[in-house]
Amino acid sequence: MASAAAISSSISSRSLLSRDSKVALIASIRHPEPSIATSAASGGPRLRRMLARPCCAVEPTKRNDSVVPPAAVAEAANAAVGEEATAPSAAVDYEELNKALENASPLEIMDRALDMFGNEIAIAFSGAEDVALIEYAKLTGRPFRVFSLDTGRLNPETYRLFDAVEKHYDIHIEYTFPDAGEVQALVRSKGLFSFYEDGHQECCRVRKVRPLRRMLKGLRAWVTGQRKDQSPGTRANIPLVQVDPVFEGIDGLGSLIKWNPVAGVEGKDIWNFLRTMNVPVNSLHSQGYVSIGCEPCTRPVLPGQHEREGRWWWEDATAKECGLHKGNLKQDEAGKLGTNGNGVAAANGVDGTVDIFETQAIVNLSRPGVENLLKLEKRQEPWLVVLYAPWCRFCQGMETSYMELAEKLIGSGVKVGKFRADGDQKPFAQKELQLGSFPTILFFPKNTSRPIKYPSEKRDVDSLLAFINALR
């Protein structure tokens, strides 16, 4: 377990040694209040300025003892430096607020969110390590609401965690369910597991996105457990606070505020915090699950794999979002999304993306070269070929091991190649080369025309060598 000092460097600016000492130390830290632009007329228009109105905060007399400075103290500090205090009638520039909170701890950000929106903000709880959000909310001493999406396909362990969390914090989670008629229509027409065939987007839209949309229309703000390190392809630039780009609040589109208090916290530090605070966690985490969603679409990850490889593993890695956080996708990435949620690059090798697997030990195969490999029933040498996309984070993750493998196989009689299979080449690779997701690794034996697909997610040198030696 990491020391309390190590934890404090990423989670908070104070010690986590004990609850009593935490209260004393946290209360001694000044709660930073950002400079807020409250009038669009006070200066020239800014690019993409986002303005929304906070609601009234909960009455101070209704609060429990807080471990962060009272809002009144922070407002007094603002007045002392000539800043305009946040008021229910004031418009807040959330771009500026996000910048001002860059050095704030998750606890301070949570306190600010609850103070600004009172009973019209709720924490989204998925039944995973985002239980940390509930712990932070409790530590503020303010009243808070928690909701969760029950898709009907969650793991039993997740339902047990819901019950444990409600008892531990003495709260009632506001469960939200999909429309029964929509679920029935989907299952009757396409079966229980259609997402394995045509992608997860349709099922997620029925079971998660639409229920969430209904829930959020009754709120002015919500809190998520998104972190930048969860999905480098889609979450690397998520802000601490923003006007929600996708969902509507009480006052329509553009009125809902989205808070991401742990955006800048690494997963290991979240876990140090959870262990220190001794809060309930999902038992699936001890079985190798990191990112946890619905049971059919979640699996454990292997050592060295990114946590999002445990979600929708049969699809490409570029845009692994279920739709709840679709606003994370850049416009060009969103445009690449098909009906199955898979990303497709613009062209094969000509879209400006820096290539990977660059070494003389790996042959860069063209489309005709791969077609020739498929046609040959008797080859002079066996081939190992990776089907890849250079933008794929998981392809990038295996670059070192694949290049090391290629170096080891020099002079062994096995050729090592690569074929960029995204863009225009993807339909061909799916039909002829068994491409399901990136990366896909194929072995072309000497005396068999049909390639053999590497079945494992282990992409280390020893595992790949064992695969080759078993077949050649």
Side-chain angles (χ1 to χ4, degrees), residues 232 300-306 309-310 313-318 345 348-351 353-426 428-472:
V301 295
L302 298 168
Q305 286 187 310
H306 192 275
E309 289 200 68
W313 56 90
W314 62 93
E315 297 182 7
D316 292 348
T318 183
N348 188 31
V350 295
D351 64 351
T353 306
V354 177
D355 205 6
I356 56 177
F357 305 119
E358 292 284 79
T359 172
Q360 292 184 349
I362 298 176
V363 179
N364 187 9
L365 293 168
S366 63
R367 167 76 172 266
V370 172
E371 289 175 334
N372 286 335
L373 271 180
L374 285 170
K375 293 175 183 177
L376 291 174
E377 294 186 1
K378 290 184 179 291
R379 304 179 184 87
Q380 292 183 349
E381 301 166 302
W383 280 76
L384 185 74
V385 178
V386 60
L387 311 181
Y388 75 102
W391 43 259
C392 170
R393 300 288 177 176
F394 307 136
C395 296
Q396 296 169 9
M398 68 165 287
E399 182 179 21
T400 300
S401 61
Y402 195 71
M403 291 172 64
E404 181 181 342
L405 174 68
E407 297 289 342
K408 283 181 175 289
L409 290 175
I410 292 176
S412 68
V414 178
K415 291 285 189 180
V416 180
K418 65 177 185 177
F419 175 64
R420 181 168 177 178
D422 62 342
D424 295 339
Q425 306 304 329
K426 187 173 182 180
F428 161 74
Q430 290 175 321
K431 181 179 179 180
E432 303 293 342
L433 298 173
Q434 309 171 58
L435 174 67
S437 61
F438 296 117
T440 291
I441 301 172
L442 301 176
F443 185 75
F444 292 80
K446 289 180 63 174
N447 299 316
T448 305
S449 61
R450 187 68 177 169
I452 300 170
K453 185 176 180 178
Y454 179 59
S456 176
E457 296 290 337
K458 295 181 179 179
R459 302 176 190 127
D460 58 282
V461 174
D462 291 339
S463 297
L464 291 171
L465 273 176
F467 172 66
I468 293 169
N469 291 332
L471 296 175
R472 70 177 189 173

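Fair warning: this is a prediction, and the values are worked out from it, not measured in the lab. For the numbers below, each heavy atom of this structure counts, side chains included, while hydrogens, waters and symmetry mates do not. Sequential numbering from 1 along the given sequence is applied to the chain's residues.
Interatomic distance, CD1 of Ile441 versus CD1 of Ile452, reported as 14.0 Å (0.5 Å rounding). Distance check, rounded to the nearest 0.5 Å: CG of Asp355 to NZ of Lys418 gives 3.5 Å. Cys392 SG to Asp422 CG: the interatomic distance, rounded to the nearest 0.5 Å, is 9.5 Å.
In this structure Glu381 satisfies the salt bridge (Lys or Arg N to Asp or Glu O under 4.0 Å) test with no other residue, sequence neighbours excluded. Checked against ring-ring contact (aromatic ring centres under 6.0 Å, His included), Phe443 has no partners two or more places apart in sequence or in another chain. In terms of the side-chain contact (heavy atoms from CB on, under 4.5 Å) criterion, Thr400 has no residue partners (sequence neighbours excluded). The salt bridge (Lys or Arg N to Asp or Glu O under 4.0 Å) search around Glu432 returns none, not counting sequence neighbours. The side-chain hydrogen bond (donor to acceptor under 3.5 Å, both in side chains) search around Glu404 returns none, not counting sequence neighbours. Qualifying side-chain hydrogen bond (donor to acceptor under 3.5 Å, both in side chains) partners for Thr359, counting only residues two or more places apart in sequence or in other chains: Glu407. Partners of Ser401 by side-chain contact (heavy atoms from CB on, under 4.5 Å), not counting sequence neighbours, listed by chain and number: Met398, Val461. Looking at residues two or more places apart in sequence or on another chain, you find a ring-ring contact (aromatic ring centres under 6.0 Å, His included) between Phe357 and Tyr388, Tyr402.
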*Checking side chain to side chain contact (heavy atoms under 4.5 Å, CB included) for the pair Glu371/Phe428: CA distance, chi angles, key distance, verdict?*
CA-CA 10 Å; Glu371 289 175 334; Phe428 161 74; 3.9 Å; yes
*asked:* Pair Leu465, Leu409 - check side chain to side chain contact (heavy atoms under 4.5 Å, CB included), show working.
replied: CA-CA 9 Å; Leu465 273 176; Leu409 290 175; 3.8 Å; yes
_side chain to side chain contact (heavy atoms under 4.5 Å, CB included) between Leu387 and Val370, intermediate numbers included_ = CA-CA 10 Å; Leu387 311 181; Val370 172; 5.9 Å; no
*For Arg367 and Gln425, run side-chain hydrogen bond (donor to acceptor under 3.5 Å, both in side chains): C-alpha distance rounded to whole Å, both residues' side-chain angles, the deciding distance at 0.1 Å, then the answer.*
CA-CA 8 Å; Arg367 167 76 172 266; Gln425 306 304 329; 2.9 Å; yes
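Here the closest heavy-atom approach between residue Lys446 and residue Pro382 is recorded as CG-CD, 3.3 Å. Smallest separation of non-hydrogen atoms from Phe394 and Pro439: CB-CD, 4.0 Å. Taking all atoms of both residues into account, the shortest heavy-atom contact from Cys395 to Phe438 is SG-CB, 3.7 Å.
Residue Trp383 forms a side chain to side chain contact (heavy atoms under 4.5 Å, CB included) with just one option from Leu442, Val363, Leu376, and that option is Val363.
The closest side-chain heavy-atom distance from Thr440 to Leu433 is not below 4.5 Å. The shortest distance between side-chain heavy atoms of Leu374 and Pro451 falls below 4.5 Å. Taking the side chain as every heavy atom from C-beta outward, Leu365 and Leu373 approach each other to under 4.5 Å. Proximity of Gln434 to Arg450: side-chain heavy atoms (C-beta onward) are separated by under 4.5 Å at one or more points. Between Val386 and Ile362 there is no side-chain heavy-atom pair separated by less than 4.5 Å.
Without hydrogens or angle criteria, Gln396 side chain to Ile356 main chain gives no donor-acceptor distance under 3.5 Å. Side-chain N or O atoms of Arg379 include one that pairs as donor or acceptor with a backbone N or O of Pro445 at under 3.5 Å.
Within the structure, every pair that satisfies the ring-ring contact (aromatic ring centres under 6.0 Å, His included) test and touches residues 450-472, not counting sequence neighbours, is listed here: Tyr454-Phe467.
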